[in-house]
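Working notes, beginning with the structure itself.
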4 protein chains.
Amino acid sequence: MARGINKVILVGNLGNDPETKYTQGGMAITRISLATTSVRKDKDGNQQERTEWHRVVFFGKLGEIAGEYLRKGSSVYVEGSIRYDKYTGQDGVEKYSTDIIADEMQMLGGRGEGGGGGGGGGERAARPQRQEYSSSSSSAPRRQAPAPQQAPVDDFADDDIPF
Amino acid sequence: MARGINKVILVGNLGNDPETKYTQGGMAITRISLATTSVRKDKDGNQQERTEWHRVVFFGKLGEIAGEYLRKGSSVYVEGSIRYDKYTGQDGVEKYSTDIIADEMQMLGGRGEGGGGGGGGGERAARPQRQEYSSSSSSAPRRQAPAPQQAPVDDFADDDIPF
Amino acid sequence: MARGINKVILVGNLGNDPETKYTQGGMAITRISLATTSVRKDKDGNQQERTEWHRVVFFGKLGEIAGEYLRKGSSVYVEGSIRYDKYTGQDGVEKYSTDIIADEMQMLGGRGEGGGGGGGGGERAARPQRQEYSSSSSSAPRRQAPAPQQAPVDDFADDDIPF
Amino acid sequence: MARGINKVILVGNLGNDPETKYTQGGMAITRISLATTSVRKDKDGNQQERTEWHRVVFFGKLGEIAGEYLRKGSSVYVEGSIRYDKYTGQDGVEKYSTDIIADEMQMLGGRGEGGGGGGGGGERAARPQRQEYSSSSSSAPRRQAPAPQQAPVDDFADDDIPF
DNA sequence: TTTT
DNA sequence: TTTT
């Protein structure tokens with residue numbers, strides 16, 4: 001139940017390795033910085049690039065997976081929603097932040113994957129190249145799992161439904 | 001877990017009242033016919049309209065809600081995925097169908113709402129104008145519920161996370 | 001040409017009337033504040049609401065239309081991209097802002113429409129209830145018009161293409 | 001101008017090389033078959049896969065690019081709309097088809113890219129790994145180009161707009 | 001078949 | 001028919 005749609009779809013590359021923390025309750029919170037670059041022609045006809053750096057947050061099971069499989073340079077599809085926050089910084093000044101709360105992600109082949117510079121790379125060697133994950137309803141507090149799908153065909157003994 | 005993204009977003013109007021059936025297991029399956037119209041200029045500069053009629057299917061809890069609240073003429077936002085099916089018709093000929101399997105819907109204000117011609121209209125009088133529903137994980141076999149969201153702030157006693 | 005996808009889809013209501021300015025070059029820039037509300041159950045099982053207020057910006061032709069037809073309370077579909085900006089405020093302090101740069105919008109029926117408080121309301125009485133607009137390529141510098149579509153069927157004299 | 005939203009977002013792999021034709025007017029029409037696979041758990045807890053094969057059509061400039069750069073196995077992001085068609089086959093029987101009319105595409109890294117089995121592979125060696133293309137408004141009759149973007153900053157000599 |  |  002909600003009023004309105006707040007949906008974000010991103011495909012981009014991580015600027016750094018993910019950062020994972022855990023709440024007192026043991027829930028994973030993983031943050032990444034994701035770049036998307038667009039190009040336009042300026043009035044002189046020159047190509048101008050502009051990169052947006054999105055702060056994407058994954059909670060719960062999705063946070064664990066993001067923290068484990070994503071690395072600097074990884075290419076990833078993310079679906080989620082925008083959240084704007086206002087808080088008071090250490091310096092007593094009000095600050096604003098914008099985060100993308102992910103509720104689905106899928107690793108895409110590309111630079112950064114499989115790779116992963118540095119010592120921690122070993123255990124990631126066998127990871128799948130293209131899999132989609134959704135935030136698990138059990139541990140993810142903000143987003144719920146859109147995952148399991150498609151009814152057993154034999155559950156449709158009803159009638160002439162052609163599927 | 002999946003490989004690839006198959007996402008559809010529709011905003012349109014129902015051409016007819018929804019049709020709801022139930023599986024032997026008691027799960028609701030509601031179908032609607034949803035119109036989206038686009039306009040283009042043809043080569044003579046005349047406006048040409050084209051309407052697509054989408055067959056949208058709602059399962060489980062979402063199917064119950066769609067069947068109860070949507071009506072001919074209703075305006076609705078639907079999110080889901082495309083499913084192509086092939087089956088053999090009564091006449092022994094192979095047929096193809098395309099359905100949009102909904103996993104989220106939201107009623108939008110507009111003509112057709114509040115309306116509900118006929119006797120069954122009474123109990124719908126008080127229905128909310130704009131609410132979003134997702135397929136419930138318990139009863140929806142194909143799509144899962146992305147619904148409840150946002151962590152209790154006080155579950156984040158961890159550290160300096162500003163939200 | 002670009003690298004990455006940065007896409008936002010919103011359905012929400014305006015918190016205020018739009019504000020339109022014009023650049024020296026005469027291009028309209030219209031800003032709206034758009035609310036989307038989501039609901040979750042907190043750990044005590046109570047429904048908790050949270051509203052995000054999106055700053056949406058329309059340029060060029062789309063800015064003119066948004067400024068003319070949208071009003072406080074209007075329900076609208078917006079498609080665009082996220083843009084993060086950093087600037088130095090009057091007080092010399094670095095600030096951050098997040099805007100949704102619209103490249104498509106469609107008015108949805110609902111509260112606020114037809115309405116239009118204030119003197120300027122008269123000429124809007126006859127406005128259409130549900131039309132989609134895209135930023136025009138001629139005047140919109142940032143987003144381009146996805147609008148006119150669909151080839152004249154008779155331009156496909158080629159072969160057996162069934163459309 | 002339109003009434004309703006009909007939007008499709010796909011990420012998948014080509015099952016075959018693209019097929020390009022040209023209209024009498026010289027416009028390219030490229031078709032691909034794009035797979036997206038979803039996974040669900042059946043009632044016995046086993047993982048069940050299901051693959052949808054989308055027929056995606058690119059017109060005009062986008063058709064030329066798709067025909068030139070995509071290959072069997074390529075991973076690609078596609079945005080477009082659904083079009084349903086009804087036509088009479090050679091056998092005099094009415095048939096139905098569903099196509100995704102692309103208005104944006106972006107090649108994603110992954111198997112099949114760079115690769116290109118066969119003789120034609122040479123000229124594709126230097127192609128960019130991740131670029132987004134949109135249907136050009138000049139040659140694409142059905143979809144229009146969402147491409148060029150973002151106003152020259154210096155066109156905003158107006159006032160205090162922080163971007 | 002809807003809607004504008 | 002792809003991909004994992």
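It should be emphasised that the depicted structure is a prediction, and the values quoted were computed from it without experimental measurement. A, B, ... follow the sequence lines: proteins, then strands. Residue 1 opens every chain.
The shortest side-chain heavy-atom distance between D:Leu70 and D:Met107 falls under the 4.5 Å cut-off. The closest side-chain heavy-atom distance from B:Ser97 to B:Arg55 is below 4.5 Å.
Scanning atom types as modelled, one donor and one acceptor separated by under 3.5 angstrom connect the side chain of D:Asn16 and the base of F:dT1. Checked by distance alone, B:Ser33 brings a side-chain donor or acceptor within 3.5 Å of a matching partner on the base of E:dT1.
With sequence neighbours left out, D:Tyr96 forms a side-chain contact (heavy atoms from CB on, under 4.5 Å) with D:Lys86, D:Glu94. Listed by chain and residue number, C:Thr20 satisfy the side-chain hydrogen bond (donor to acceptor under 3.5 Å, both in side chains) test with C:Thr30 (two or more places apart in sequence, or in another chain).
Closest to the side chain of B:Thr37, from the set F:dT4, E:dT2, E:dT4, is E:dT2. The D:Arg3 side chain lies nearest to E:dT4 when the options are E:dT1, E:dT4, E:dT2.
If you take CZ of B:Arg50 and P of E:dT4, they are 22 Å apart, rounded to a whole angstrom. Distance, B:Asn6 CG to F:dT4 C1': 17 Å, rounded to whole Å. The interatomic distance linking D:Glu52 (CD) with F:dT4 (P) rounds to 19 Å, in whole Å. Put simply, CD1 on D:Ile32 is 17 Å from P on F:dT1, counting in whole angstrom units. For the pair D:Glu49 CD and F:dT1 C1', the interatomic distance rounds to 15 Å; values are reported in whole Å. Spacing between atom CG of A:Leu108 and atom C1' of F:dT3 amounts to 12 Å, rounded to whole angstrom units. Protein atom CD of B:Glu19 is 15 Å distant from nucleotide atom P of E:dT2, rounded to whole Å. Rounded to whole Å, the distance from CG on D:Leu34 to P on F:dT1 is 16 Å.
Proximity of a side-chain donor or acceptor of B:Asp17 to a complementary backbone N or O of B:Arg71 within less than 3.5 Å is not detected.
Nucleic acid contact class of D:Thr36 (heavy atoms, under 4.0 Å, all strands): none.
The aromatic ring of D:Trp53 sits over the base of F:dT1, with ring centres less than 5.5 Å apart and planes tilted by under 30°.
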